Amino acid sequence: MPHVLTAEAAVKKIPKGCRIFLGSGAAHPLAISDAMAEHYAHFSDNELIHLMTLGHAAFVGEKFRGHLRDNSFFIGDNVRTAVQSGEADYTPIFLSEIPGLFRSGSFPIAVAIIMVAPPDQHGMCSLGVSVDVVRAAVEAAELVIAQVNPQMPRTFGQALLPYGEIDYVVEADLPLPEIAPPVEDAVIAAIGKNVAKLIPDGAVVQMGIGGIPNAVLANLRDKNDLGIHTEMFSDGVIDLIRAGNITNATKKVLKGRTATSFCFGSRRLYDFVHENPLIEFYPSDFINDPFCIAQNDGMVAVNSALQIDLTGQVCADSIGYKFYSGIGGQVDFVRGAARSVGGKPIIALPSTAKGGAVSRIVGELSRGAGVVTSRGDIHYVVTEYGIASLHGKSIRQRATSLIHIAHPDFRDELLSFVKERHYVYIDQRCERETTRFSGFAEEQRAFGGHQMRVRSLKITDERRLQEFFYSHSEDTIRQRYFHLKTTMPREIAARLVQLDYDRNMALVVLEPGRYDDRIVAIARYAGAPGADTVELSFVVHEAYQRQGMGGYLCGRLVEYARRCGIRELLANCLASNLGMRAIFDRLQPQVSALTTTTEGDILRYRFTL
């Protein structure tokens, strides 16, 4: 049986010069770590290792030099200054690989200092809110010292630890460290909405804590049968579980259970996971194993970044030379989600930092910044300005897509950067946003029983527009252009996607694909700047005709033109094109007057708004 000691007596059992593991997150055994700091003179050349810990870190600072040296696998607020000043260390490593490192024997751990719930009637303690790398540390350590805390929740999964496997016990009844919910602003809210567009019913989701994950969760209240397989979570999931949005019914791994390795948040969260059989905690080498993650179909991984360059390289652990956080589980989940059937790895970040003074999307990463997620791993990038799909895209396509979701104040600068390096065509342009453009919201809409996306045409659609043109039959081309047009050169496509969203506007219907969407219908009007009259046209791919796409797009364009102050729309069609004629005739209730004239085999329409 363990010996019950005071915190002071327990830390004096720790040998000099050895490596000491300290419990993670909200399971930080503060009573013991504070005693280590108070009695630091007992130690000589000891290394203290840990993941991010909550609460104060009394064990870092200049006075501990030669006694205790802190080494973080993930840098938290409480040790960041010490790491950046050289008073503490940082070890970059995938979270999934830390347990294996501990068990390897090449990274010996002499002492594991942990926090557990008191033993139950069967003599079993619980690791509570942090199983992550703690279990592996306990298994690898020669000596286990545990702070037994009645306020530690009892959790399920692989959280149980026999009381008899503890060597020394320090009894300390202390509240767990808590994190207040972040304050959401308009930027974070917009990012949350954009990410939520990528999460379908039945998806299995991974996300961490902070403003962006909370904003995403707040936008999932209309989703059904979501699952959770995540390295950690916070308060945001509670309401979704209670409301039935999260059922874990579609999961392949631990079906019916929310699977995690640790959690931290408020007291409400700790009460929620206490003895909750629907929440299970497992070690990081299981939860974060990309092969395990990939077994869940529809795995959506949402992670953040500090910077991303225009080729898709993601920096997530440093600001220049200054180490800021850690690798954590980002790459584990990015790769796991990428290999999941229908999976989506997402990097979400605000477009700017320092109050809008600097862009987070950059031509090149800051000097000294490290790449956490490579350009080969990147799939989706989300900011408050939209979604960029990069998987399978060329450097030119990546650069233009990322510039499109960068803050407008930095788009010209970014475009100049890639032009100078010949990443894009010399005539490449940036999209210019207008008040009217921001008034047209992207929609999800069913056509022919299939969910499609409807949005405005964008500069980044240049290649999509070419592919759409070359997918047409000769008959469709004749119906649209009145002659057999055989090519759409890049220069023409580039001009057609450069809209002012006023006198030149276009809407498209997109069919969602595994990695990208394709245009299946487009409607546009075009006119000179400030003109009262514009010309309307549309074309629907022959495989999608008679599903209502053409009529819907034309109707929406009529509404948009009216808001822009346009007074007349002109349109032409072949007299033999009965389908197009029917669509134009159905627009009559939306306009104040409709006149038609015939010139040979062409009907000319004039819509007065």
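These numbers were taken from a predicted model, which means no experiment stands behind them.
For residues 512-535, every residue pair satisfying the ring pair (Phe, Tyr, Trp, His ring centres under 6.0 Å) rule, not counting sequence neighbours, is listed here: His379-Tyr515, His391-Tyr515. Identified under the side-chain hydrogen bond (donor to acceptor under 3.5 Å, both in side chains) test for residues 583-601, with sequence neighbours left out: Glu599-Arg604. Every pair passing ring pair (Phe, Tyr, Trp, His ring centres under 6.0 Å) that includes a residue from residues 303-343 is listed here, sequence neighbours excluded: Tyr90-Phe323.
For the side chain to side chain donor-acceptor pair (under 3.5 Å) test, residues two or more places apart in sequence or in another chain that qualify with Arg606 are Glu568. Residues meeting the side-chain contact (heavy atoms from CB on, under 4.5 Å) test with Leu415, sequence neighbours left out: Ile403, Val418, Lys419, Val424, Gln428, Cys430. When the side-chain contact (heavy atoms from CB on, under 4.5 Å) test is applied to Ala218, the partners found at least two apart in sequence or on another chain are Arg221.
Taking the ring centre of Phe417 as origin, the terminal cationic atom of Arg421 falls inside the region bounded by 6.0 Å and 45° from the ring axis. A cation-pi contact, defined as under 6.0 Å to the ring centre and within 45° of the axis, is absent between Arg518 and Phe468. Cation-pi contact between Arg445 and Tyr552: present, with separation from the ring centre below 6.0 Å and deviation from the ring axis of at most 45°.
A donor-acceptor contact under 3.5 angstrom links the side chains of Gln307 and Ser366, judged on distance only. A donor-acceptor pair shorter than 3.5 Å can be found between the side chains of Tyr544 and Glu511. Looking at Arg375 and Thr311, their side chains do bring a donor and an acceptor atom within 3.5 Å of each other. In this structure, a donor-acceptor pair under 3.5 Å is present between the side chains of Ser96 and Asp332. Side chains of Gln498 and Arg429: a donor-acceptor N/O pair is present below 3.5 angstrom, by distance only. Counted by atom type alone, Ser537 and Arg480 present one or more donor-acceptor pairs between their side chains at under 3.5 Å. Inspection of the Thr250 and Asp225 side chains reveals no N or O donor paired with an N or O acceptor under 3.5 Å.
Of the possible donor and acceptor atoms, none in the side chain of Ser359 sits under 3.5 Å from a partner among the backbone N and O of Thr352. The closest donor-acceptor contact from the side chain of Ser340 to the backbone of Asn296 lies under 3.5 Å.
Here CD of Gln545 is found 8.5 Å from CD of Gln479. Values are rounded to the nearest 0.5 Å.
In summary, of the residues considered (Val300, Leu217, Leu220, Asp201), a side chain to side chain contact (heavy atoms under 4.5 Å, CB included) with Leu226 occurs for Leu220 alone. Looking at Asp377, Thr373, Asn303, Asp317 one by one, the single match for side-chain hydrogen bond (donor to acceptor under 3.5 Å, both in side chains) with Gln330 turns out to be Thr373.
Between Arg464 and Asp516 there is a salt bridge, with a side-chain nitrogen of the basic residue lying less than 4.0 Å from a carboxylate oxygen of the acidic one. A salt bridge is defined here as a Lys NZ or Arg NE, NH1 or NH2 lying under 4.0 Å from an Asp or Glu carboxylate O, and Arg455 with Glu443 fails to meet this definition. A salt bridge links Arg463 with Glu467: the closest approach of a Lys/Arg side-chain nitrogen to an acidic carboxylate oxygen falls below 4.0 angstrom.
Under the 6.0 Å cut-off for aromatic ring centres, His404 and Tyr385 do not qualify, their centroids lying 6.0 Å or more apart.
Taking the six-membered ring where tryptophan is involved, the planes of His407 and Phe410 are perpendicular, since the angle between them exceeds 60° and thus also 30°.
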